[in-house]
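The structure under discussion appears below in the form of structure tokens.
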Amino acid sequence: MKIITLIIPCFNEQEVLNLFYKEVSHVTNAMTDISFRFLFINDGSKDHTLDILKELSQNYENVSYLSLSRNFGKEAAMLAGLDYAEGDAVIIMDADLQHPPEMIPDMVKYWKQGYDDVCAKRKNRKDEGRLKRCLTQAFYSCISFLSKVPMQQNVGDFRLMDRRCVASLRLLRESQRYTKGIFTWIGYRKKEIPFEVQTRAAGKTTWNYFSLVNLALEGITSFTTVPLRLTTCLGLLISVLAICYMFFVVINALLYGDPVAGYPTLMTVMLFLGGVQLLSLGIIGEYLGRIFNESKNRPLYLIDEYDGKPVTYVPDIKPVERNFRIANKNEEESYE
Ligand code: UDP
Ligand code: MG
């Protein structure tokens with residue numbers, strides 16, 4: 001029997017977890033040909049999330065949980081889940097039931113047809129304000145213009161991935177993760193199926209405009225160096241214009257004398273150039289910051305406990321190897 005692990009990152013989700021388990025297991029129990037496992041990742045929640053997870057894992061055999069040593073963010077929590085997931089495929093879901101569990105049978109159907117990465121594509125963004133929708137659209141246009149890898153639009157983290165996608169994702173251990181881009185980058189056979197985002201069942205979202213802007217910058221700087229190239233081009237263009245203007249000024253002065261004037265022009269040019277310089281420095285700084293962060297080579301998350309057992313830190317490369325072995329073991333088991 002094939003095994004699918006559901007990876008569920010949770011950050012302060014105490015209100016919704018029991019309901020989540022009930023709703024999702026209602027769907028998964030109906031699919032008798034596949035054994036589903038729940039892997040919750042407690043991402044340093046401040047409320048009773050961990051207690052509820054402990055309770056769930058005691059009550060149900062197919063539930064296990066990882067508890068990170070603090071809040072590392074959803075991206076790191078997802079990677080922890082991918083590192084520890086076992087089986088033939090994984091499904092990543094939000095804990096807040098915004099991702100309808102009724103789609104799981106469809107996803108599995110396409111997976112059985114041979115797709116490696118079945119992702120849910122949001123049909124509507126009606127739950128979001130007009131400004132947020134416009135900004136999202138602008139971001140997608142911007143990144144698909146800048147990046148060589150075509151970015152999937154309006155898909156989130158709700159997706160089913162085959163084991164080989166998971167194994168590939170484990171290799172990509174950059175510390176500033178833009179998972180959406182990483183999913184696209186790994187390639188393999190992708191299938192998008194449309195879905196309507198539900199409103200949150202309980203609790204509240206942790207995202208705000210600031211974190212969305214951050215995410216957008218993250219996305220662009222982690223996927224393309226085109227902004228650096230653009231600054232070079234801009235610098236070149238401005239230099240050429242400056243030289244032309246210089247000739248104009250010099251010839252003008254030679255032919256017609258040099259009355260001291262032109263304060264407005266001077267100011268405009270100075271301010272413009274100052275702006276361009278600061279912007280270019282900022283862009284270089286963004287990339288420098290990324291190099292700085294990557295060069296520290298820190299583990300992307302630390303685990304406090306795994307199913308109640310304390311976990312001592314093992315070097316970052318270890319979980320990858322460990323899980324490769326697990327993956328291979330499963331291969332023998334599940335394809336028998
Ligand atoms: N989440 C997490 N760590 C965080 C923030 C969020 O694990 O630091 C989880 C959260 O519990 C939820 C999922 O990521 O399961 C999506 O978060 P949220 O609903 O706040 O985001 P939105 O749906 O608004 O994009
Ligand atoms: Mg949500």
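Note that ligands are numbered from 1 as they come in the structure, with each ligand's atoms numbered from 1 the same way.
Per-residue contacts place Ala95 under 4.0 angstrom from the following atoms of ligand 1 (heavy atoms of the residue considered): 15 (O). Residue Asp43 has at least one heavy-atom neighbour below 4.0 Å for each of these atoms of ligand 1: 2 (C), 3 (N), 4 (C), 7 (O), 8 (O). Which parts of ligand 1 touch Gln98 is read off a 4.0 Å heavy-atom cut-off, strictly below it: atoms 19 (O), 22 (P), 23 (O). Close approach of ligand 1 to Glu13 (heavy-atom distance below 4.0 Å) involves ligand atoms 10 (C), 11 (O), 12 (C), 15 (O). Within ligand 1, counting atoms from 1 as listed, the ones closer than 4.0 Å to a heavy atom of Cys10 are 7 (O), 11 (O). Taking every non-hydrogen atom of Asp96 and a distance limit under 4.0 Å, the qualifying atoms of ligand 1 come out as 19 (O), 23 (O).
When side chains are defined from C-beta on, Asp307 counts as touching Tyr65, because their heavy atoms get closer than 4.5 Å. Looking at heavy atoms from C-beta onward, Leu6 lies out of side-chain contact with Leu39 at the 4.5 angstrom threshold.
The side-chain contact (heavy atoms from CB on, under 4.5 Å) test with Asp116 is passed by exactly one of Lys191, Arg164, Arg163: Arg164.
The Mg ion (ligand 2) has an N, O or S atom of Asp96 under 2.8 Å away, backbone or side chain.
Residues Ser25 and Tyr60 bring no donor and acceptor atom of their side chains to less than 3.5 Å of each other.
The number of heavy-atom neighbours closer than 6.0 Å to CE of Met246, taken from other residues, nucleotides and ligands shown, is above 12.
Annotation: ring-ring contact (aromatic ring centres under 6.0 Å, His included) contacts of Phe38 (sequence neighbours excluded): Tyr21. Glu23 is linked by a salt bridge (Lys or Arg N to Asp or Glu O under 4.0 Å) to nothing, counting only residues two or more places apart in sequence or in another chain.
Residue contacts with ligand 1 for Lys74 involve both N, CA, C or O and side-chain atoms from C-beta outward (heavy atoms, distance under 4.0 Å). Under 4.0 Å from ligand 1, heavy atoms of Asp94 appear from its side chain as well as its backbone. Neither the backbone nor the side chain of Ile41 comes within 4.0 Å of ligand 1, counting heavy atoms alone.
Using bins of under 30°, 30° to 60° and over 60° for the plane-to-plane angle, the ring pair Tyr110/Tyr115 lands in the perpendicular bin.
Of the N or O atoms in Phe11, one or more lie within a sub-3.5 Å distance of an N or O in ligand 1.
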